[in-house]
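A quick write-up on the structure given underneath.
Atom set for the values below is all heavy atoms of this structure, side chains included, hydrogens, waters and symmetry mates excluded. In listed order, ligands and their atoms are each counted from 1.
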Amino acid sequence: MRVYFDNAATTPVDGEVLKAMYEVMENQYGNPSSIHAHGREARTVIEKARKSIAGLLHASPAEFFFTSGGTEADNMAIRSRLADHGIRHAITSPIEHHAVLHTLEALDKQGIIHLSYVGVDGKGNIDLLHLAELLRTNERSFVSLMHANNELGTITDIDAVGDLCEQHNAIFHCDTVQTMGHFSHDLSKLKVHFLVCAAHKLHGPKGVGFLYINHKIRINPMIYGGSQERNMRGGTENVYGIAGLAKALEIAYGRMDEHREHIQGLKTYMMGKLVDAVPGIAFNGETDPGKSLYTVLNVSFPPTEIADMLLFSLDIAGISASGGSACSSGTDIGSHVLNGIKASPDRPSVRFSFSKYNTKEEVDFVVGKIREMLVRG
Ligand SMILES: Cc1ncc(COP(=O)(O)O)c(C=O)c1O
């Protein structure tokens with residue numbers, strides 16, 4: 001048996017998405033910028049996808065810009081807005097994804113902005129009182145806070161952050177890479193200026209995503225070139241990727257309640273089994289279903305001699321999981337997120353993350369292997 005519990009890193013592509021992409025790859029191969037019939041057909045694929053996504057999120061199609069994924073969308077929001085529009089102060093948290101943190105830190109180093117970090121507690125919750133103070137005591141700010149933390153699953157109350165940003169005339173960028181397709185975003189209500197999607201986190205293809213830019217906001221392009229994406233992002237569009245992204249989001253929204261119930265069931269079941277199987281086990285981040293993304297379970301194991309080998313041993317046992325952020329898995333650099341919540345360095349942590357394709361039998365298999373390694377081993 002081989003179990004894939006690393007769905008926060010990336011997800012398997014849904015068969016229906018594959019079919020939709022294959023159809024476009026085979027038939028709508030024109031360049032969407034060409035004005036002839038082949039080009040117009042490809043253009044139609046893109047605009048249909050944009051309209052479908054906008055409909056699901058209750059926004060206008062003109063507010064969506066296709067990108068190569070989450071990292072580019074985060075960079076586009078942060079760099080284009082901050083460097084070109086005179087905002088000199090940014091606020092983020094120490095546990096954001098590196099797509100956000102490294103981008104802001106580079107701007108800070110270049111002297112383009114001054115960066116402040118809002119406090120987080122031991123479970124990864126944002127200190128909203130501290131955020132309010134930072135907004136009150138600084139000039140107009142750009143706030144970048146993610147919806148659900150990719151390592152911990154802890155969810156930030158982005159309605160409350162949006163309200164605070166509105167009160168202080170701040171710009172709010174929210175990295176929603178982990179919640180898009182798993183959580184119903186209603187952009188007619190949410191007070192957010194930028195929001196981000198990467199298709200590969202919701203059973204779509206890799207290398208495609210979007211940036212939502214609220215119509216009240218103007219930015220300059222980050223990638224200059226042709227007039228694609230209404231002059232905001234030069235380069236021939238990833239037509240079949242965009243078709244796959246829209247299909248993935250349609251499937252996710254169509255069956256979200258059913259998938260949530262199934263995946264939350266697996267997570268709760270695994271927590272219970274682990275607590276019974278391994279004395280001294282604990283969890284990093286929030287685990288309450290109202291405060292934690294149902295796809296992510298970050299397990300804090302008691303100190304063990306095989307700490308350094310845990311992920312490797314899991315891999316050998318047929319289990320794909322991740323220690324720390326997806327993007328830094330495979331390296332032995334400590335997790336900035338676990339450092340940020342002051343997790344004990346003596347306790348090895350493993351992130352298990354689930355999808356609609358996972359089963360209880362897989363949970364039983366994984367917990368059994370962990371028990372063999374840590375308890376009987
Ligand atoms: C929260 C978050 N933001 C951004 C990214 C980057 O997305 P992409 O891999 O599409 O560039 C990831 C990917 O792990 C993520 O989890």
Side-chain angles (χ1 to χ4, degrees), residues 4-13 17 53 64-79 92-106 120 124 126 143-156 158 161 172-183 185 192 194-212 222-223 233 235 238 241-242 244-245 248-249 252 284-285 292-298 320-331 333 335-338 340-341 351-355:
Y4 186 73
F5 274 2
D6 202 14
N7 291 280
T10 196
T11 52
V13 179
V17 171
I53 293 167
F64 292 85
F65 297 85
F66 292 115
T67 67
S68 66
T71 303
E72 185 191 323
D74 281 332
N75 269 265
M76 188 168 162
I78 295 169
R79 289 171 52 195
T92 192
S93 88
I95 60 171
E96 297 301 302
H97 191 274
H98 281 150
V100 166
L101 270 185
H102 288 169
T103 310
L104 286 168
E105 283 163 6
V120 293
I126 301 296
V143 174
S144 183
L145 291 171
M146 71 209 308
H147 189 189
N149 187 277
N150 52 301
E151 292 193 35
L152 305 171
T154 300
I155 289 179
T156 291
I158 54 175
V161 174
F172 179 26
H173 162 250
C174 186
D175 181 335
T176 43
V177 164
Q178 289 294 337
T179 53
M180 188 61 66
H182 302 298
F183 185 97
H185 294 100
V192 70
F194 297 103
L195 188 138
V196 174
C197 169
H200 70 106
K201 307 286 188 184
L202 56 129
H203 305 287
K206 292 170 184 59
V208 64
F210 66 73
L211 174 65
Y212 159 83
M222 185 176 71
I223 298 175
R233 191 213 184 235
N238 176 358
I242 290 168
L245 160 59
L249 210 58
N284 293 309
S292 171
L293 184 62
Y294 52 94
T295 51
V296 176
L297 178 62
N298 195 311
S320 296
S322 177
S325 168
C327 301
S328 52
S329 52
T331 72
I333 305 164
S335 150
H336 70 283
V337 174
L338 295 176
I341 61 164
R351 179 189 67 182
F352 298 98
S353 48
F354 314 101
S355 84

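- For ligand 1 and T71, the ligand atoms under 4.0 Å from any heavy atom of the residue are 6 (C), 7 (O), 8 (P), 11 (O).
- Interface atoms of ligand 1 facing G69, defined by a heavy-atom separation under 4.0 Å, are 10 (O).
- Within the set H97, E151, E96, the minimum heavy-atom distance to atom 15 (C) of ligand 1 is found for H97.
- Every residue was checked against the side chain to side chain donor-acceptor pair (under 3.5 Å) condition with T154, not counting sequence neighbours, and none meets it.
- Within the structure, ligand 1 lacks K206 among the residues with a heavy atom less than 4.0 angstrom away.
- Using a 4.0 Å cut-off between heavy atoms, E72 makes no contact with ligand 1 at all.
- In this structure, the side chain of N7 engages the main chain of S353 through a donor-acceptor pair within 3.5 Å.
- Listed by number with element, the atoms of ligand 1 under 4.0 Å from a non-hydrogen atom of A198 are 10 (O).
- With A99, A8, A9, G70 as candidates, the residue nearest to atom 8 (P) of ligand 1 on a non-hydrogen basis is G70.
- Of all atoms in ligand 1, numbered sequentially from 1 with element shown, those under 4.0 Å from a heavy atom of H200 are 8 (P), 9 (O), 10 (O).
- Contact atoms of ligand 1 toward M146: 1 (C) (distance under 4.0 Å to a heavy atom of the residue).
- Residues forming a salt bridge (Lys or Arg N to Asp or Glu O under 4.0 Å) with E72 (at least two apart in sequence, or on another chain): R233.
- When all heavy atoms are compared, the tightest approach of V161 to V143 is CG1-CG1, 4.3 Å.
- Using a 4.0 Å cut-off between heavy atoms, N149 makes no contact with ligand 1 at all.
- The aromatic rings of H336 and H98 lie parallel to each other, their planes meeting at an angle below 30°, with 60° marking the opposite boundary.
- Closest heavy-atom contact between V196 and D175: CB-CA, 4.4 Å.
- Outside the 6.0 Å centre-distance limit, the rings of F172 and F194 are not counted as a close aromatic pair.
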